Amino acid sequence: MHLNTQILLAAILGIAFGYILQIDPQASFVPHSLYGLGIISSIFIGLLKMLLVPLIFSSIVVGVSNLQSSGQLGRVWKITVLCFLTTTTLALALGLACAHLFDVGKGVDIAMFQEDMNTYQSPDTLSPGAFFTNFIQNTLINPFKAFSDGNVLAVVLFALFVGIALVQGGERFSVVRKLSQQFFDIMMLMIGWVMKLAPFGIFALMAKLIATEDISVLSRLLEFSLVVTGTTIFHGAVVLPLLLWIFGGMSPIRFFKAGRTALITAFATSSSSAALPLSLQCAQQNMGVRPHIAGFVVPLGSQLNMDGTALYEAAAALFIANLMGLELSLTQQLIVCVTAMIASLGAPGIPSAGMVTMIMVLQSVGLPAEAIAILLPIDRILDTVRTVVNVQGDMMISVVVDRHTRDVDEIPTPSTST
Ligand code: ASP
């Protein structure tokens, strides 16, 4: 059976097994099963995390140095940023529009959440300005510290600089360039090994998620959950594929077939970073994106481009405002959008990262940080879908950038092998 099919099957079986565990949580086999599932998922996630930092570093270094040598750095850079901004803006607009359309939160009894809010301890929160300063202070740091702390954003930045330096040095640094390329190839080989374990990892992650999350709380916040999930799915199933079709020349069916391993992993792990090794591999090997383009766009996107997160944060801010009976003015809604965009840029690709940056969005328009307490119980579940869209956006943009940076006589016909 093909690996992609195995992974899909593993996700379905994992969900089914999770439900079985939920039926009778007191049954004697449940703790043992959860323990086993915990071990298997930790091994899978651990292996992905092990590869993450060296992979990001080498892929960006190789990507940038190859871009410059083909004289395309400026062009690739511009198209990438344009795509990131466009898709995130569309996601924000969609989030706000749907929250308005369905009046999420209006008429819900806020007293229901009062206790949660009273007991919620808000962490140190930041204004957008302070957030930005903090962002810079955490990014421009000793690279060795960044490597050992797994500070991915700082690694991305350092890798960009090293890539540019390699290009400037030209022939002088050809050995290091070759070394980076080979190091990157080794990482990709190791990802191939980890992928063989993916069906087990995905099974365990899905089963654990379903067995341990209290899905019943979803019903308390049912309308909001449905609107956010529905809108996120709409963005991922209609808006992004349409853009991909128009600007990337790839049919959505082909895209989903080629990218499903990464998308299922994003769903099961709720982490763009954990899914990165697979999204990089899917983009290169299944979608036919040239390695230096994928190596540049996908890792960068996994940290900076998060449509699902931006959409969620904008809709959630409106939901909280409605719950409180506040009407946000147009200017306040614009502030929400800008802050949500900064927040999605700054959110690391890990589970529930959006919740932390959400505080900043709420505070930007004077909503209480304690309101996070209302969203926290459903966050882990909603995170699954928004992470899929985050990862989808990265792979999709790599296809678009790839297409628009090939020479005219070389317009790609992306490979269909999946
Ligand atoms: N879990 C998301 C991701 O990794 C970030 C978020 O919490 O929105 O892409």
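Basis for what follows: all heavy atoms, side chains included, without hydrogens, waters or symmetry-related copies. One-based numbering, in listed order, for ligands and for the atoms of each. As the structure is a prediction and not an experimental result, all values here were calculated from the model.
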Under 3.5 Å, N or O to N or O, is [X] touching ligand 1 that way?
X    : answer
M355 : no
I350 : yes
S273 : no
A353 : yes

Element-labelled atoms of ligand 1 that are located less than 4.0 Å from some non-hydrogen atom of [X]:
X    : value
N390 : 2 (C), 3 (C), 9 (O)
T309 : 5 (C), 6 (C), 8 (O)
S352 : 7 (O)
S271 : 4 (O)

Would you confirm whether the ring centroid of F44 sits within less than 6.0 angstrom of the ring centroid of F200?
->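 Between F44 and F200, which both carry aromatic rings, the centre distance is not below 6.0 Å.
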
Answer yes or no: is there a side-chain heavy-atom contact under 4.5 Å between L9 and P199?
->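 Contact flag for L9/P199 side chains = no.
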
Mind checking whether F57 and F147 have parallel, tilted or perpendicular rings, split at 30° and 60°?
-> perpendicular

of all protein heavy atoms, closest to atom 3 (C) of ligand 1 is S272 OG, 3.2 Å

Considering heavy atoms of the protein only, find what lies nearest to atom 7 (O) of ligand 1 and give residue, atom and distance to 0.1 Å.
->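 Result for atom 7 (O) of ligand 1: G354 N, 2.7 Å.
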
Atom pair CH2/CG of W77 and L82 - distance to nearest 0.5 Å = 13.0 Å

Between OG1 of T309 and CE of M355, what distance do you get to the nearest 0.5 Å?
->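 Those atoms lie 10.0 Å apart.
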
Report yes or no: does A347 have a heavy atom closer than 4.0 Å to ligand 1?
-> no

Going by the 4.0 angstrom heavy-atom rule, the piece of S270 near ligand 1 is backbone

Restricting to pairs with a member in residues 47-61, which pass side-chain hydrogen bond (donor to acceptor under 3.5 Å, both in side chains), not counting sequence neighbours?
->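 Sorted result for residues 47-61: empty, none.
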
Any side-chain hydrogen bond (donor to acceptor under 3.5 Å, both in side chains) pairs touching residues 380-389, not counting sequence neighbours?
-> S270-R380, D379-R386, D383-R386, D383-T387

Side-chain (E313) to main-chain (S344) donor-acceptor, under 3.5 angstrom |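 The answer is no, because no donor-acceptor pair under 3.5 Å joins these two groups.
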
